[in-house]
> 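Before anything else, here's the structure in question.
Residues take their numbers from the sequence shown, with the count starting at 1. Just so it is clear, the values below take in all heavy atoms, side chains as well, and ignore hydrogens, waters and symmetry mates.
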Amino acid sequence: GWWAPAWLGHESRALCRRELTAVIAEAPRTMLLPVGLILVFAIMARFGMSGIPLPYMVALFAVSMVSGLTLPAIGQETGAFWIVRILPLPMWKVLAVKLTLRASISIFVLAMMMGVAIVASPVPLTLPIDAALVPLLIPTIVLALILSAVWGLGIGARFPVFVPPRKGQYVSGGIGAIGSLGAMFIVATMVLSLIPLQVEALRPLLWFLPLAVAAFWLALCTMLVAWAAWHLERLEL
C-alpha cells in the first residue's frame with residue numbers, strides 16, 4: 001500500500017502491516033481520553049473557568065499519549081512474540097519499525113490537536129523564552145516527543161507482559177508509570193532548558209544547554225533501547 005513503500009523491503013512491509021493492525025486496535029483507548037480531556041479544557045477556557053492556555057494542556061497530554069502508544073508495542077505481541085522472535089530478522093529492525101510507525105502516527109495526530117487547540121483557545125499564547133531560541137523551539141519539542149516515544153518503547157520492550165492479566169495491560173502498572181513519567185521528564189527538561197536562558201548572566205549558555213540536554217537524552221534513550229533489544233534477543237523460547 002501507499003503507506004508502506006516498496007523500497008522498505010518485504011520484511012519491513014509485513015512488519016508495518018502487522019504493526020498498523022495493532023495500532024488501530026488500540027488507538028481508541030489510547031487517544032480518546034486525551035482528546036476528551038482537551039475538549040473539556042477547551043470548554044472550560046471558553047467559559048473563563050481556566051486561565052491556562054489550552055495548547056499547554058495539549059502539550060501535557062501529548063507526552064503521555066506519545067509514550068503510551070509505544071510503551072505496549074512489544075507486550076501487544078503476547079504469544080505471537082515468539083513467532084517474531086524466531087524470524088530471521090534482527091530485533092533492532094522490529095523495534096525500529098514499531099517506533100517509526102507509532103511515533104509518526106502519534107506526532108501527526110498531536111500536530112492536528114495542537115492546531116485545533118491554538119485556534120480554540122481564547123487565552124493568548126506566550127512563549128517565555130529568549131527570542132533567539134524561538135527557531136529552536138519546534139525542533140526541540142519534536143525531538144523531545146520522539147525521544148519520549150523511544151523511552152516508552154525501550155521501557156516496554158525491556159519489561160513486557162506477554163500474558164496480560166486483563167485486557168489492555170501489556171506492562172505492569174509500575175513500569176507504565178515509569179514510561180509515562182519518564183517521558184514527561186524528558187520533555188520537561190528539554191523545554192525548560194530553553195526558558196531560563198533569557199537571564200542575561202546565562203547568555204553564554206544560550207545554545208549550549210539545550211543541545212547538551214538533547215544529547216544526554218539521546219544517548220540515554222539509545223542505550224535503553226539497545227539494552228531492551230539485547231534482552232529480547234536472549235529470551236528463551
> A side-chain contact here means heavy atoms from C-beta on lying under 4.5 Å apart; do Thr78 and Val161 qualify?
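No, too far: nothing below the 4.5 Å cut-off.
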> For Ser67 and Trp151, which I'm curious about, is there any donor-acceptor pair between the side chains at under 3.5 Å?
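No - no donor-acceptor pair under 3.5 Å links their side chains.
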> Looking at every heavy atom in both Val225 and Gly154, which two are closest together, and how far apart are they?
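For Val225 and Gly154, the tightest heavy-atom pair comes out as CG2-CA, 4.1 Å.
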> How many angstroms lie between OG in Ser106 and CG in Leu101, if you round to the nearest 0.5 Å?
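With rounding to 0.5 Å, OG (Ser106) is 9.5 Å from CG (Leu101).
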> Please examine the side chains of Leu192 and Val213, heavy atoms only from C-beta on, and report whether any two atoms are closer than 4.5 Å.
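No. Closest side-chain heavy atoms not under 4.5 Å.
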> May I ask whether Leu147 and Leu209 are part of the same hydrophobic cluster, defined by side-chain heavy atoms of I, L, V, M, F, W, Y residues being less than 4.5 angstrom apart, directly or through others?
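Yes.
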> Testing the basics here: between Leu143 and Ala214, what is the closest heavy-atom pair and its distance to 0.1 Å?
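Scanning both residues completely, I find the closest heavy atoms to be CD2-CB, 3.8 Å.
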> Rounded to the nearest 0.5 Å, what separates atom CD1 in Ile107 from atom CZ in Arg102?
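Interatomic distance, Ile107 CD1 to Arg102 CZ, rounded to 0.5 Å: 14.0 Å.
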> Using side chain to side chain contact (heavy atoms under 4.5 Å, CB included), reason through Ser104 and Thr100 one step at a time and then give a plain yes or no.
CA-CA 6 Å; Ser104 299; Thr100 303; 4.2 Å; yes
> With heavy-atom distances below 4.5 Å as the criterion, would you say the side chains of His231 and Met91 are in contact?
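The answer is no, as the side chains (C-beta and beyond) never meet within the 4.5 Å cut-off.
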> Are Trp207 and Leu136 close enough, and set up right, to give a side chain to side chain contact (heavy atoms under 4.5 Å, CB included), and what steps lead you there?
CA-CA 9 Å; Trp207 295 96; Leu136 190 61; 3.6 Å; yes
> Any chance you could lay out the side chain to side chain contact (heavy atoms under 4.5 Å, CB included) test for Glu77 and Lys98, step after step, and finish with the verdict?
CA-CA 11 Å; Glu77 297 285 355; Lys98 289 179 177 293; 2.8 Å; yes
> Do Ile155 and Phe185 belong together in a cluster built from hydrophobic side chains that touch within less than 4.5 Å?
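Yes, Ile155 connects to Phe185 through the hydrophobic network.
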> Measuring from atom CZ of Phe81 to atom CD1 of Ile86, what distance do you get when rounded to the nearest 0.5 angstrom?
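The distance works out to 11.0 Å.
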> If Ile, Leu, Val, Met, Phe, Trp and Tyr residues are connected whenever their side-chain heavy atoms lie under 4.5 Å apart, and connections chain through other members, are Trp92 and Leu235 in the same group?
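As far as the 4.5 Å side-chain criterion goes, Leu235 and Trp92 are not connected within one cluster.
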> Determine the sole option in Val150, Val187, Leu145, Leu71 for which the side-chain contact (heavy atoms from CB on, under 4.5 Å) test with Val66 is passed.
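Between Val66 and the candidates, side-chain contact (heavy atoms from CB on, under 4.5 Å) is satisfied uniquely by Leu145.
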> Return the OG1 to CE distance between Thr189 and Met184, rounded to the nearest 0.5 Å.
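Answer rounded to 0.5 Å: 13.5 Å.
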> Are Trp82 and Val94 in one and the same hydrophobic cluster, where Ile, Leu, Val, Met, Phe, Trp and Tyr link if side-chain heavy atoms are under 4.5 Å apart?
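Trp82 and Val94: one cluster.
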> Nearest heavy-atom pair of Leu95 and Leu153: which atoms, and what distance?
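Residues Leu95 and Leu153, closest heavy atoms: O-CD2, 3.5 Å.
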> Answer with yes or no whether the hydrophobic clustering places Met223 together with Ile186; edges join I, L, V, M, F, W, Y residues whose side-chain heavy atoms lie under 4.5 Å apart.
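Yes: a chain of side-chain contacts under 4.5 Å links Met223 to Ile186.
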> Roughly how far apart are Phe216 CZ and Ser193 OG, rounded to 0.5 Å?
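It is 12.5 Å, given to the nearest 0.5 Å.
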> Side chain of Thr70, backbone of Ala149: donor and acceptor closer than 3.5 Å?
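Yes: the side chain of Thr70 pairs with the backbone of Ala149.
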> Please report the C-alpha distance between Leu99 and Ile146 in whole Å, then the side-chain angles of each, then the deciding distance to 0.1 Å, and finally whether the side chain to side chain contact (heavy atoms under 4.5 Å, CB included) criterion is met.
CA-CA 9 Å; Leu99 175 66; Ile146 293 174; 5.6 Å; no
> Atom CZ of Arg158 and atom CD1 of Ile178: how far apart are they, to the nearest 0.5 Å?
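Output value for this atom pair is 12.0 Å.
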> Looking at Ser180 and Ala177, would you say the former's side chain and the latter's main chain have a donor-acceptor pair under 3.5 Å?
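Side chain of Ser180 to backbone of Ala177: no pair is present.
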> To check you understand the geometry: which heavy-atom pair defines the closest contact between Gly68 and Pro72, and what is its length?
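Here Gly68 and Pro72 meet closest at O-CD, 3.1 Å.
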